[in-house]
Trainee: 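First the structure, then my questions, so here it is.
Chain naming here is simple, since letters A, B, ... match the order of the sequence lines and numbering starts at 1 in each.
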2 protein chains.
Amino acid sequence: MAHEQLTLSFQLCFRIYALERELMAAYRPLLDALGLTYPQYLTMLYLWEHEKGTVGQLCSALSLDTGTMSPLLKRLEASGFITRRRLRSDERTVEVTLTEKGRDLEEEALSVPERIAGCLLTNDKEEQGRRYDELKQVLDQALEQLRTSRKAREAAAVN
Amino acid sequence: MAHEQLTLSFQLCFRIYALERELMAAYRPLLDALGLTYPQYLTMLYLWEHEKGTVGQLCSALSLDTGTMSPLLKRLEASGFITRRRLRSDERTVEVTLTEKGRDLEEEALSVPERIAGCLLTNDKEEQGRRYDELKQVLDQALEQLRTSRKAREAAAVN
DNA sequence: TTCTGTTATATTGTACGCAACCTAGTAGCG
DNA sequence: CGCTACTAGGTTGCGTACAATATAACAGAA
């Protein structure tokens with residue numbers, strides 16, 4: 001029966017789709033308090049670690065298109081967390097830098113990861129470790145598999 | 001160090017976020033051929049199984065807002081896959097039904113799940129079973145955990 | 001130097017996803 | 001019947017995502 005075929009991969013894919021949205025719902029109240037969205041938060045995490053970066057580096061770090069990143073950075077700039085300026089050495093590339101306000105935000109964001117870990121894993125600190133490893137490994141396998149087959153598709157499309 | 005704290009839950013969350021987009025990228029070429037997006041495909045899956053349903057039932061089945069579902073259904077109607085009409089018994093509720101064209105689409109969509117399974121898991125049929133169970137279980141645990149803590153948050157917000 | 005191809009980013013258009021709000025229809029109660 | 005509360009969907013506004021296209025700057029060859 002057709003529905004047998006459906007259930008296997010459908011069950012996984014729908015769970016991944018649902019999990020992502022449920023996770024965003026967990027982040028939302030925490031990030032709202034900081035005035036950030038999740039992709040903006042990821043951008044700030046990158047900048048808190050590296051202090052600055054080009055648009056291309058940010059796109060590649062978050063696997064995002066310039067069509068997503070470009071307006072996102074404009075909004076972060078409008079919020080006063082970053083500044084953007086073209087490099088004199090190469091006027092094509094735009095360098096993003098933290099402002100004082102952006103740097104200060106890191107302190108407020110310090111509690112976010114732990115609070116999310118509580119939502120996503122469990123409150124039992126001991127159990128957290130086990131689940132963390134398991135989840136991470138399984139997610140990595142799936143990601144790796146998808147990326148591999150995407151590359152295969154893209155290579156095939158050229159021929 | 002702050003980055004120790006960050007890495008734990010960040011590593012998981014970013015993987016979930018990335019995995020969802022990578023999965024959508026795998027579906028995209030397959031669904032493009034059918035003239036569907038992934039949420040539209042999920043809607044059609046529901047209708048292929050149940051033949052019809054109210055907007056509320058679809059929202060609840062896919063965990064989507066009316067703000068998402070309502071325009072999505074309009075687009076499916078514009079594509080000729082479904083029709084919408086208000087029930088005479090209760091003029092508030094809108095019933096969605098497959099058209100002939102919508103029903104016919106199921107046949108074309110039959111190969112999608114298997115092809116996705118190949119991208120997401122592996123081509124080795126035997127290995128697929130193991131990975132499937134593992135992934136499903138881990139995703140369910142995470143989903144369950146997030147939903148539980150969301151309900152706790154919402155209950156706390158009332159008080 | 002000029003032409004050509006490439007690179008880095010920006011813009012446009014379409015479709016989610018969700019919060020907040022709106023509206024019409026229904027139900028219950030006096 | 002008239003009032004109120006509730007329910008089912010729809011609308012608006014904002015922020016992603018991403019394909020497709022555009023633009024300006026750079027780099028290398030003729």
Trainee: For A/R88, check side-chain contact (heavy atoms from CB on, under 4.5 Å) against everything at least two apart and list the hits.
Mentor: A/E91
Trainee: Quick one: list whatever passes side-chain contact (heavy atoms from CB on, under 4.5 Å) with A/D90, sequence neighbours left out.
Mentor: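 Testing A/D90 for side-chain contact (heavy atoms from CB on, under 4.5 Å), a comparison that skips the adjacent residues, returns A/R92, A/T93.
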Trainee: Which pair of non-hydrogen atoms, one from A/V96 and one from A/L73, has the smallest distance, and what is that distance?
Mentor: CG2-CD1, 3.9 Å
Trainee: Run the salt bridge (charged side-chain N to carboxylate O under 4.0 Å, His left out) test against B/E51 and tell me which residues pass, sequence neighbours left out.
Mentor: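 Listed in chain order: B/R103.
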Trainee: Through what angle, rounded to 10 degrees, does the axis of the helix from C/dT1-D/dA30 to C/dG30-D/dC1 turn between its ends, using five pairs per end?
Mentor: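 Taking the rotation axis at each end, their angle is 10°.
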Trainee: Once side-chain contact (heavy atoms from CB on, under 4.5 Å) is applied, do any residues pair with B/E95, and if so which ones, sequence neighbours excluded?
Mentor: B/K52, B/R85, B/L87, B/T97
Trainee: For D/dC18, does either OP1 or OP2 sit under 4.0 Å from a side-chain N or O belonging to B/R21?
Mentor: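 Looking at the OP1 and OP2 atoms of D/dC18, one of them is under 4.0 Å from a side-chain N or O of B/R21.
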Trainee: Could you list the protein-to-nucleotides 21-25 of chain D atom pairs, N/O on both sides, closer than 3.5 Å?
Mentor:
none

Trainee: Got a sec, which residues hit ring-ring contact (aromatic ring centres under 6.0 Å, His included) with A/Y17, two or more places apart in sequence or on another chain?
Mentor: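 B/Y38.
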Trainee: Kindly state each residue pair satisfying salt bridge (Lys or Arg N to Asp or Glu O under 4.0 Å) with at least one member in residues 66-80 of chain A, sequence neighbours excluded.
Mentor: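 Only A/E77-A/R84 qualify under salt bridge (Lys or Arg N to Asp or Glu O under 4.0 Å).
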Trainee: Can you pull the contact range of chain A along DNA chain C, 5' to 3', using atoms under 4.0 angstrom from its heavy atoms?
Mentor: C/dT7 to C/dA19
Trainee: Can you run down the ring pair (Phe, Tyr, Trp, His ring centres under 6.0 Å) pairs that involve residues 77-104 of chain A, sequence neighbours left out, and say none if there aren't any?
Mentor: none
Trainee: Got a sec? Which of residues 53-78 of chain B come in under 4.0 Å of DNA chain D, heavy atoms?
Mentor: B/T54, B/V55, B/G56, B/T66, B/G67, B/S70, B/K74
Trainee: Mind checking side-chain contact (heavy atoms from CB on, under 4.5 Å) for B/A152 and listing every partner two or more places apart, or none if nothing turns up?
Mentor: none
